[in-house]
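Quick note: numbers below take in every heavy atom, side chains included, and nothing from hydrogens, waters or symmetry partners. Naming convention: chains lettered A, B, ... in sequence-line order (proteins, then strands); numbering from 1 in each chain.
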Protein chains: 2
Amino acid sequence: MSASKRDELVRKALKAFYRDGFGATGMDKLVAETGVSKTSMYKHFRTKDDLILAVLRLRDENFRNWLTRRIEELAKSPRKRLLAMFDALDEWFAEENYRSCMFIKASSEYQDPKNPIHAASAEHKRMLTSYIEKIATLADAKNPALLARQLMLLKEGAIVTAHLQGRTGVADDAKQAAKILLDHAIPTTQSRRIT
Amino acid sequence: MSASKRDELVRKALKAFYRDGFGATGMDKLVAETGVSKTSMYKHFRTKDDLILAVLRLRDENFRNWLTRRIEELAKSPRKRLLAMFDALDEWFAEENYRSCMFIKASSEYQDPKNPIHAASAEHKRMLTSYIEKIATLADAKNPALLARQLMLLKEGAIVTAHLQGRTGVADDAKQAAKILLDHAIPTTQSRRIT
DNA sequence: CATGAGATTTACCGATCGGTTCATCTGCGT
DNA sequence: ACGCAGATGAACCGATCGGTAAATCTCATG
């Protein structure tokens, strides 16, 4: 019970933090929103930062599970999967309450790289990059690590642009760019030849 | 005097906000850091948000001036200038106190698109994109608007990644990707032919 | 039913938040 | 020297911040 209660608190805190930001969401608001008392909250989490770290762990798990699942549903070949990432992003951006990436926002509010919250955010990005690199390797990219980093640049750029400009089609801009990068990074199999 | 005093306040506030973030920098800290009294501060700026907007206006001016100047110093042809943007970014990322993009951070803390702070940040990005599009047009890109948006995606991605991962070489990853995009978007003149 | 351990509630802590009130100080025209 | 306006300083406002102490409730076991 205690564990699942904790999980429920983390889930609700995730919602609130994602919606309103970390600094702007006080413990009192969290307590009011979860129904639990402040003392109970502080029995589960020693400090607010501890709660935030737990939230980021859940977000990391949720997001990476979702993205990998969606990528693998949308396409089968490694090459197509690299592109499918941007279709998945497009679905995410279209969500009613899309509010950018929780880890980018966390690193904006906790800027010191030594801060555990910042470090956890960096680790999330590292794990995602490593996943993309694995696919890039399967796709026979000449330099899978470089390709993965570049696709990630497009992804991060699309994430902040979709939030800042609100414009639709951001993911598609990124996807078209990714296609061009792929054609160059992968000794082409069936990909259309240039000019 | 009054105007330059105001400017000095904005300059010092910019430093503090960039270093510590908007929410984490209270008016008391600002007052202590600028030496001015709280009453004077609130005579120049009706609210904290007004001060932040003034800071963002200054930042927009400073940053766009710096970037365009640096781009035009580093390269002469439009095509090379599009690439030179990433060399300029590299210089920025290497600065000791580099802490990501002020506008991305502002939009992280003020998420509502209707919020003037968020809107001002979006406007900054729009103006930068328009500047890049102008160069892309001069470079005879087939679709200058699309190319500009894609280069901006690489730029935004590089900005957040440089802050989050701290890794060096981020700007170069982006530049290499940009080169490939350029080769595709511009009916090649002297650019190396593919394979 | 008594009791003791754990969880929960209530009330509170000092610090800081954005912002204001009002008394004092400064400098300038007369 | 005087009076006055505008700038300044300090003290203060209620609200909220993250976090805690102590009283109260819950409930399984003897």
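A:Met41 places its CE atom 14 Å from the C1' atom of C:dT9, with the value rounded to the nearest Å. Separating the NZ atom of B:Lys43 from the P atom of D:dA7 is a distance of 5 Å, rounded to the nearest angstrom. If you take CG of A:Asp28 and C1' of C:dT9, they are 14 Å apart, rounded to a whole angstrom. Between B:Tyr42 atom OH and C:dT21 atom P the separation is 13 Å, expressed in whole Å. Atom-to-atom, CG of A:Asp50 to C1' of D:dG19 comes out at 13 Å; the value is rounded to the nearest Å. If you measure from atom CE of B:Met27 to atom P of C:dC17, you get 11 Å, rounded to the nearest angstrom. As a whole-Å value, the separation of B:Lys38 NZ from D:dA7 C1' is 18 Å. A:Asp49 has its CG atom 13 Å from the C1' atom of D:dG19, to the nearest Å.
By the 6.0 Å and 45° rule, B:Lys179 does not stack over the aromatic ring of B:Phe86. Stacking of B:Arg59 on the aromatic ring of B:Tyr18 is recorded, both the 6.0 Å distance cut-off and the 45° axial limit being met.
Taking 3.5 Å as the limit, the base of C:dG19 and the side chain of B:Lys48 contain no donor-acceptor pair of atoms between them.
For the pair A:Ser37 and C:dT8, the criterion of a side-chain N or O lying under 4.0 Å from OP1 or OP2 is not met.
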With salt bridge (Lys or Arg N to Asp or Glu O under 4.0 Å) as the test, would you mind laying out the steps for A:Glu33 and A:Lys12 before giving the verdict? CA-CA 8 Å; A:Glu33 211 154 316; A:Lys12 288 185 174 170; over 6 Å; no
Under the side-chain contact (heavy atoms from CB on, under 4.5 Å) criterion, do A:Arg64 and A:Tyr131 qualify, and how do the steps go? CA-CA 9 Å; A:Arg64 286 195 296 125; A:Tyr131 169 68; over 6 Å; no
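Taking the centre of each ring, B:His118 and B:Tyr110 stay at or above the 6.0 Å mark.
Residues A:Thr39 and A:Phe22 each lie close to DNA chain D; by heavy-atom proximity, the contact nearer the 5' end of the strand is made by A:Phe22.
Between B:Gly23 and B:Lys48, the shortest heavy-atom distance links the atoms O-NZ, 4.0 Å.
Using a 4.0 Å cutoff on non-hydrogen atoms, no part of residues 51-58 of chain B comes near DNA chain C.
Across all strands, B:Ser40 comes closer than 4.0 Å only to sugar-phosphate atoms, never to a base (heavy-atom distances).
Under a cut-off of 6.0 angstrom, the local environment of NZ in B:Lys114 is sparse, with at most 12 non-hydrogen atoms contributed by other residues, nucleotides or ligands.
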